[in-house]
Amino acid sequence: MSKRTLDAFFKPPPKRTKPDNTSTTNEENNPSPPQSPDNHPTYPHSIAKLPTHLEKALSEAIETSNREGKIMNNQPDLDCVYFQPFLPRRTANELFRVLRAELPFYRVVYFAKRGGVDVEIKTPRFTTVFGVDEECFFACDDDDAGDGNGNVNADATPAAADINSNSQYRTSPLTLRKSPTTTTTSSTLPKYTYPPRPIPSILQSLKKAVESATKETYNFVLVNYYATGEDSIAFHSDDERFLGFQPSIASLSLGAEREFLLKHKPAPATTTMTGSADGGGGSGGAGGTTIKLPLSSGDMILMRGTTQANWLHSIPKRKGRGLAGVGGRINITFRRAVIPAGTDNYYHYNVGSGGGLGVG
DNA sequence: ATTCATAATGGTG
DNA sequence: GCACCATTATGAA
């Protein structure tokens with residue numbers, strides 16, 4: 001519970017409001033004209049826009065990139081699409097460097113008692129998250145205002161309201177609004193424990209590209225940063241209630257190649273071996289095949305349908321050889337949260353109590 | 001009850 | 001020995 005975020009773990013190149021082209025990502029002849037960065041009261045610092053040459057490379061890539069993807073449904077309950085690649089390697093690598101430098105990552109740290117003593121546990125990855133659940137949107141979001149269909153119109157003017165009577169939301173051009181489509185009668189915003197953060201433009205363009213390729217819409221962007229081979233994530237499913245029924249989740253890899261493991265959930269530990277209705281889990285369990293995907297920079301995998309309900313996935317630790325070890329990898333997941341509980345959960349476990357949030 | 005991280009174990013190549 | 005893998009246990013939320 002005493003999770004906290006530690007900016008101290010994060011030692012990126014300096015972030016600044018002013019454009020700085022002395023840093024890594026300048027391999028083009030024409031320096032991009034500086035654009036004003038994104039600012040928001042919920043951001044700990046400003047977030048630069050995508051350099052125009054990258055933005056261009058990205059949109060070009062979208063035209064010509066692998067939009068088909070390989071459908072993986074040859075195992076029980078598995079329904080994935082593997083875009084290999086989704087972005088060209090060079091674009092993906094450059095994107096990695098930009099995001100690594102610009103996004104406010106956190107390493108969640110908490111204490112657990114072991115042998116009577118508090119032991120500090122550092123979650124083995126950095127995370128950050130942006131977005132709001134379906135019940136709200138940020139007024140200036142490019143396409144979140146509608147639902148991708150632009151069906152916000154003058155007649156369905158959403159009621160403006162302060163979030164939790166917090167004045168910081170009034171001062172921002174990106175004001176949180178209640179979705180017109182929400183069934184709730186109340187005109188007030190949901191009570192969020194953690195202030196939702198609008199998706200910065202640097203990720204908006206990416207989101208659009210992913211939405212177009214996967215034919216889904218998303219309202220959350222979760223970013224994981226695996227700094228070294230020591231960073232990892234244990235087997236789990238993204239099957240939270242607030243993602244709704246059979247959620248589609250797209251996951252884009254940038255940077256170092258890491259293996260992505262998929263295995264069927266083990267059969268429930270029943271004391272009485274009364275078979276389940278379909279027996280479909282039979283090929284799962286300990287004996288089931290573990291699918292191994294070497295995700296490299298620019299690859300994307302879409303998990304949909306029955307996948308989350310029945311499969312686990314993980315990024316295991318990797319030793320890596322050589323002095324450099326395993327390099328850094330960024331994983332961007334796009335998903336859709338349906339209810340405010342999802343918003344609170346994501347900010348709770350991926351940002352925490354707001355260490356360094358630039359409030360006021 | 002389930003989930004997630006860590007550590008220990010024993011096996012494989 | 002090393003890297004990796006599967007399994008088990010522990011602790012906590």
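Predicted model only: the values in this text are computed from it and were never measured. Letters A, B, ... are given to chains in the order of the sequence lines, protein chains preceding strands, and every chain is numbered from 1.
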Take the protein atom [atom1] of [X] and the nucleotide atom [atom2] of [N], then report the distance between them rounded to whole Å.
X        : N      : atom1 : atom2 : result
A:Glu259 : C:dA3  : CD    : P     : 15 Å
A:Phe111 : C:dA12 : CZ    : P     : 14 Å
A:Arg258 : C:dA3  : CZ    : P     : 14 Å
A:Arg318 : C:dA3  : CZ    : C1'   : 9 Å

Exercise. Take the angle between the ring planes of A:Phe126 and A:Phe105 and call it parallel below 30°, perpendicular above 60°, tilted in between.
Key: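 The rings of A:Phe126 and A:Phe105 stand perpendicular, inter-plane angle above 60°.
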Quiz item: For A:Arg335, what residues pass the salt bridge (charged side-chain N to carboxylate O under 4.0 Å, His left out) criterion, not counting sequence neighbours?
Solution: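 A:Arg335 satisfies salt bridge (charged side-chain N to carboxylate O under 4.0 Å, His left out) with A:Asp238 once adjacent residues are dropped.
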Self-check item: Any A:Thr290 side-chain N or O less than 4.0 Å from OP1/OP2 of C:dA6
Solution: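 Yes.
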Should [X] and [Y] count as an ion pair when the cut-off is N to O under 4.0 Å?
X        : Y        : value
A:Arg90  : A:Glu94  : no
A:Asp79  : A:Arg304 : yes
A:Arg197 : A:Asp38  : no

Quiz item: How does each nucleotide of nucleotides 2-8 of chain B score, in 5' to 3' order, for protein heavy atoms under 4.0 Å: base (B), sugar-phosphate only (S), or none (-)?
Solution: --SSS--
Practice problem: Report yes if the distance between the aromatic ring centroids of A:Tyr349 and A:Tyr194 is under 6.0 Å, otherwise no. | Solution: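 No, they do not, as the ring centres are separated by 6.0 Å or more.
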